[in-house]
Undergrad: 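Just dropping this structure here.
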Amino acid sequence: MAARTDLAFDPWDPAFLADPYPAYAELRARGRVHHYEPTNQWLVPHHADVSALLRDRRLGRTYQHRFTHEEFGRTPPPPEHEPFHTLNDHGMLDLEPPDHTRIRRLVSKAFTPRTVERLKPYVRDLADRLVAELVAAGGGDLLTDVAEPLPVAVIAEMLGIPEGDRAPLRPWSADICGMYELNPSREAATRAVRASVEFSDYLRELIAERRKEPGDDLISGLIAAHDEGDRLTEQEMISTCVLLLNAGHEATVNATVNGWWALFRNPDQLAALRADHSLVPSAIEELMRYDTPLQLFERWVLDDIEIDGTTVPRGAEIAMLFGSANHDPAAFTDPGRLDLTRRDNPHISFSAGIHYCIGAPLARIELAASMTALLEKAPTLRLTAEPERKPNFVIRGLEGLSVEV
């Protein structure tokens with residue numbers, strides 16, 4: 001298939017960023033795979049294809065377990081980006097088996113249903129306190145007052161990061177995640193490298209402290225597992241902690257504000273939710289589908305694959321469009337409509353396959369806690385200003401969400 005330059009897909013166009021879903025409909029109508037010249041990626045917009053490819057072992061989050069950069073036809077990253085890539089490439093999200101299997105097995109012990117269930121009272125209490133403060137103030141920014149502090153505090157608590165050390169966590173995370181956008185700028189790369197160095201240095205010191213004085217936290221648990229023979233290098237430990245912090249709150253933060261912005265734009269659905277709080281679980285799933293926090297997920301083609309008669313060669317990069325898949329009429333009835341009672345909802349906002357989000361159960365608890373607290377304590381919550389969307393495509397969110405009670 002020839003490269004397409006006439007697609008409505010344009011991840012740098014503010015109009016597209018405001019509402020990418022019509023462009024996705026065009027992509028789906030025009031085929032199952034499209035080569036996109038500006039990023040040299042193959043775009044896959046259909047739910048069935050995305051779902052299958054997430055489980056296809058001919059694709060990988062990395063290729064370096066099988067090929068050098070040169071063998072794979074790729075240029076090595078610039079040396080000045082090395083701190084970011086060292087941090088990123090040793091986290092389980094960017095590893096393949098057997099390293100991925102080894103690290104995920106250790107980390108999954110902290111995310112068992114029983115462990116996550118034990119966190120429920122802490123999460124609910126924190127959500128109640130944050131919302132009570134918002135109500136006492138008469139309103140504020142839902143992003144900075146509730147959506148951000150809740151998941152950041154929860155994952156920091158799990159990791160054992162002292163409360164006084166938590167202020168830089170969100171800025172570090174935001175700067176590192178800037179590198180996951182398409183064709184990041186030089187300034188974004190500089191910020192990501194600086195954040196990678198600072199975050200790594202901080203965690204190296206914290207790990208050293210936990211070796212001397214272990215606590216009841218995930219970092220201490222990883223150290224103990226290492227000492228008992230389940231080997232994790234120090235770099236793998238640092239990268240795992242950063243990944244858990246970043247992935248453990250980015251999606252939840254954006255799902256919260258995207259979700260409430262969608263509710264304010266669909267007053268009939270908000271009224272139904274306010275009238276019946278038992279809709280909260282299905283509302284969370286529907287809001288994550290309706291305006292997907294992670295719009296795109298990439299995979300490297302390790303062995304040639306064929307999609308609808310088109311061969312995508314080894315060395316290519318596939319961009320699976322989660323936002324498009326979640327609006328595919330072949331998988332969802334009337335996908336453009338927000339329906340909080342939707343029962344058949346196979347959204348892929350948490351990915352699938354071996355890289356399925358390990359923190360999905362915790363994210364659902366956090367989203368339910370904040371939504372329930374806002375419904376109970378702020379039943380008259382309303383928007384005070386049209387929000388501004390962040391100029392990002394891959395990680396979809398808002399600059400803020402001003403509300404009043």
Undergrad: Scan side-chain atoms only and decide if Glu317 and Trp42 contain a donor-acceptor pair under the 3.5 Å cut-off.
TA: no
Undergrad: Run the salt-bridge test on Arg114 and Glu117 with the 4.0 Å N-O cut-off and return the result as yes or no.
TA: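 Salt bridge absent between Arg114 and Glu117.
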Undergrad: Answer yes if the ring centres of His327 and Tyr21 are under 6.0 angstrom apart, and no otherwise.
TA: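 Centroid separation for His327 and Tyr21: below 6.0 Å.
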Undergrad: Any luck finding a side-chain donor-acceptor pair between Glu148 and Thr144 under 3.5 Å?
TA: no
Undergrad: Thr101 and Arg105: side-chain donor and acceptor closer than 3.5 Å?
TA: no
Undergrad: In sequence, state the C-alpha distance, the side-chain angles, and the governing distance for His47 and His347, and then conclude on ring pair (Phe, Tyr, Trp, His ring centres under 6.0 Å).
TA: CA-CA 9 Å; His47 186 279; His347 73 77; 9.4 Å; no
Undergrad: Looking only at side-chain N and O atoms, does Tyr24 offer a donor or acceptor that is under 3.5 Å from a partner on Gln295?
TA: yes
Undergrad: Test salt bridge (Lys or Arg N to Asp or Glu O under 4.0 Å) on Glu250 and Arg170 and set out the steps.
TA: CA-CA 9 Å; Glu250 281 290 345; Arg170 175 67 175 159; 3.0 Å; yes
Undergrad: Side chains of Gln235 and Thr233 only: does a donor on one sit below 3.5 Å from an acceptor on the other?
TA: no
Undergrad: Please lay out, stage by stage, how His100 and Ile354 fare under the test side-chain contact (heavy atoms from CB on, under 4.5 Å).
TA: CA-CA 9 Å; His100 171 271; Ile354 68 167; 4.0 Å; yes
Undergrad: Are the side chain of Asp141 and the backbone N or O of Leu401 linked by a donor-acceptor pair below 3.5 Å?
TA: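 Between the backbone of Leu401 and the side chain of Asp141 there is a qualifying donor-acceptor contact (under 3.5 Å).
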Undergrad: Between Lys212 and Glu209, does at least one N-O distance fall below 4.0 Å, as a salt bridge requires?
TA: no
Undergrad: Can Asn326 and Thr292 be counted as having a side-chain donor-acceptor contact under 3.5 angstrom?
TA: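 Their side chains do contain a donor-acceptor pair, which is all the 3.5 Å distance test asks for.
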Undergrad: Under 3.5 Å, is there a donor on one side chain and an acceptor on the other for His35 and Asn40?
TA: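 There is such a pair (donor and acceptor under 3.5 Å, judged by atom type) between the side chains of His35 and Asn40.
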Undergrad: Is the NZ or CZ atom of Arg61 positioned over Phe297's six-membered ring, under 6.0 angstrom from the centre and within 45° of the axis?
TA: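 Judged by the rule, Arg61 and Phe297 form a cation-pi pair.
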Undergrad: Distance to the ring centre below 6.0 angstrom and angle to the axis at most 45 degrees; does that hold for Arg289 and Phe332?
TA: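 Verdict for Phe332: a cation-pi partner in Arg289.
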Undergrad: Which residue pairs pass the side-chain hydrogen bond (donor to acceptor under 3.5 Å, both in side chains) test with at least one member in residues 124-140, sequence neighbours excluded?
TA: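 Non-adjacent pairs meeting side-chain hydrogen bond (donor to acceptor under 3.5 Å, both in side chains): Asp125-Arg129.
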Undergrad: Taking the six-membered ring for Trp and the single ring otherwise, decide whether the centroids of Phe9 and Phe393 are under 6.0 Å apart.
TA: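 Centroid separation for Phe9 and Phe393: below 6.0 Å.
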Undergrad: Glu96 and salt bridge (Lys or Arg N to Asp or Glu O under 4.0 Å): which partner among Arg104, Arg58, Arg57, Arg102?
TA: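 In the set Arg104, Arg58, Arg57, Arg102, the residue that makes a salt bridge (Lys or Arg N to Asp or Glu O under 4.0 Å) with Glu96 is Arg57.
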Undergrad: With a 4.5 Å heavy-atom cut-off, do Leu340 and Leu263 have their side chains touching?
TA: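 The answer is yes, as the side chains (C-beta and beyond) meet within the 4.5 Å cut-off.
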Undergrad: Answer with yes or no whether the side chains of Asn258 and Tyr290 bring together a donor and an acceptor at under 3.5 Å.
TA: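 Looking only at side-chain atoms, Asn258 and Tyr290 do not form any donor-acceptor pair under 3.5 Å.
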Undergrad: Donor-acceptor pair, distance only, cut-off 3.5 Å: does the side chain of His81 make one with the backbone of Pro77?
TA: no
